[in-house]
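Shown next, in structure tokens, is the structure this report addresses.
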Amino acid sequence: MKRLFIALGVLILVVGLLIMTRLFFSFRDLGRRIRAEPAYTSAIVEKAGGADAVLTACRQMLETFAPNENQLFQEVPLADSRIPQIMRNMHLSSINVCIDRVRIKLDEPGRIGLLAFREGATQYGTSMITNCLWYWNGTPSKETRSAYLDMQAKVREYYDKGSNPKLKWLDP
């Protein structure tokens with residue numbers, strides 16, 4: 001009889017631990033899903049000063065940290081004093097200045113970031129925050145997927161020719 005109670009106690013303990021583990025991981029995943037939503041990124045942008053101010057700061061970085069000749073992008077050190085203060089307030093993980101856009105990864109779990117484009121550049125992203133500023137989770141939206149693939153092909157073509165894509169990003 002004593003063995004039966006011990007076995008029953010162990011069974012209840014194991015089942016209880018499995019249920020608690022499942023609950024823990026479901027709440028953790030819920031938090032990640034909330035942070036992965038475009039609305040969460042939009043709230044971060046608004047808290048930093050608004051979409052227009054963030055876009056202006058990104059365009060300033062496009063000029064300040066332009067990639068060198070025959071470079072696809074330049075990674076900007078986060079300690080660089082030339083990064084606008086509004087960008088520092090967003091708690092960034094990384095900044096890449098490309099030929100026609102700035103890619104910003106936020107210091108959040110997952111692939112949460114922003115894409116800010118030059119005026120007139122082909123735009124893509126997961127969802128638009130404002131004109132030329134997009135939420136980006138690593139996957140282009142269905143509407144912008146072809147623009148994303150066209151941009152990738154255009155950059156590859158310029159590099160295959162040995163051209164300087166920095167000067168030709170607006171060419172048809």
Side-chain angles (χ1 to χ4, degrees), residues 29 31-78 80 82-84 86-172:
D29 291 342
R32 285 185 178 163
R33 283 194 300 266
I34 289 170
R35 285 190 298 273
E37 292 295 323
Y40 182 76
T41 305
S42 294
I44 291 172
V45 167
E46 288 305 315
K47 185 177 177 184
D52 292 334
V54 170
L55 184 58
T56 301
C58 287
R59 287 186 173 161
Q60 178 185 346
M61 287 193 304
L62 273 168
E63 300 305 320
T64 305
F65 301 105
N68 296 325
E69 185 125 353
N70 293 324
Q71 264 189 317
L72 183 59
F73 68 91
Q74 177 176 329
E75 189 163 344
V76 178
L78 295 176
D80 196 307
R82 297 174 294 171
I83 296 173
I86 193 168
M87 302 308 293
R88 293 178 187 283
N89 294 342
M90 294 175 66
H91 305 290
L92 308 176
S93 171
S94 67
I95 303 172
N96 293 319
V97 177
C98 302
I99 300 159
D100 61 348
R101 69 196 174 282
V102 176
R103 289 186 308 208
I104 298 166
K105 183 170 184 324
L106 300 175
D107 192 17
E108 297 286 339
R111 295 181 70 179
I112 301 172
L114 297 170
L115 294 171
F117 293 89
R118 288 185 189 271
E119 189 67 41
T122 303
Q123 300 179 35
Y124 62 90
T126 306
S127 67
M128 183 187 289
I129 295 172
T130 187
N131 188 31
C132 297
L133 185 64
W134 289 74
Y135 162 74
W136 180 246
N137 69 2
T139 307
S141 67
K142 291 178 183 178
E143 296 82 20
T144 63
R145 182 160 176 74
S146 64
Y148 172 72
L149 296 174
D150 290 346
M151 181 277 309
Q152 295 289 10
K154 191 175 184 181
V155 169
R156 266 189 244 106
E157 178 183 328
Y158 281 126
Y159 276 101
D160 289 344
K161 289 181 182 177
S163 299
N164 180 357
K166 178 181 169 191
L167 302 176
K168 298 183 178 183
W169 62 272
L170 279 177
D171 287 352

Check side-chain hydrogen bond (donor to acceptor under 3.5 Å, both in side chains) between D80 and all other residues, then give those that pass, not counting sequence neighbours. R82
List the atom of L62, the atom of C98, and the distance in Å for their closest heavy-atom pair. CD2-O, 3.7 Å
Hey, is the main chain of S94 close enough, under 3.5 Å, to the side chain of R103 for a donor-acceptor pair? no
Would you please name every residue forming a side-chain contact (heavy atoms from CB on, under 4.5 Å) with Q60, sequence neighbours left out? T64, P84
Pairs satisfying side chain to side chain donor-acceptor pair (under 3.5 Å), at least one member in residues 123-134, at least two apart: R101-Y124, Q123-N131, Q123-W134, T126-N137
Of V45, I95, L92, the one forming a side chain to side chain contact (heavy atoms under 4.5 Å, CB included) with L114 is V45
Taking every heavy atom of F65 against every heavy atom of V97, the minimum-distance pair comes out as O-CG1, 3.3 Å
Which residues satisfy the side-chain hydrogen bond (donor to acceptor under 3.5 Å, both in side chains) test with E143, sequence neighbours excluded? S141
Determine the minimum heavy-atom distance between L133 and A116, stating which atoms define it. CD1-CB, 3.9 Å
Could you list the residues that satisfy side-chain contact (heavy atoms from CB on, under 4.5 Å) with L149, not counting sequence neighbours? R145
Using side chain to side chain contact (heavy atoms under 4.5 Å, CB included), reason through V76 and M61 one step at a time and then give a plain yes or no. CA-CA 9 Å; V76 178; M61 287 193 304; 5.6 Å; no
So which heavy atom on S42 is nearest to which on I129, and how close? OG-CG1, 3.8 Å
Extract all donor-acceptor atom pairs below 3.5 Å that involve side chains of residues 52-59 and protein atoms in other chains or at least two apart in sequence.
residue : atom : partner : partner atom : Å
T56     : OG1  : D52     : O            : 2.8
R59     : NE   : F117    : O            : 3.1
R59     : NH2  : F117    : O            : 3.1
R59     : NH2  : E119    : OE1          : 3.3

Between CD1 on residue I44 and CD1 on residue I104, distance to nearest 0.5 Å: 11.5 Å
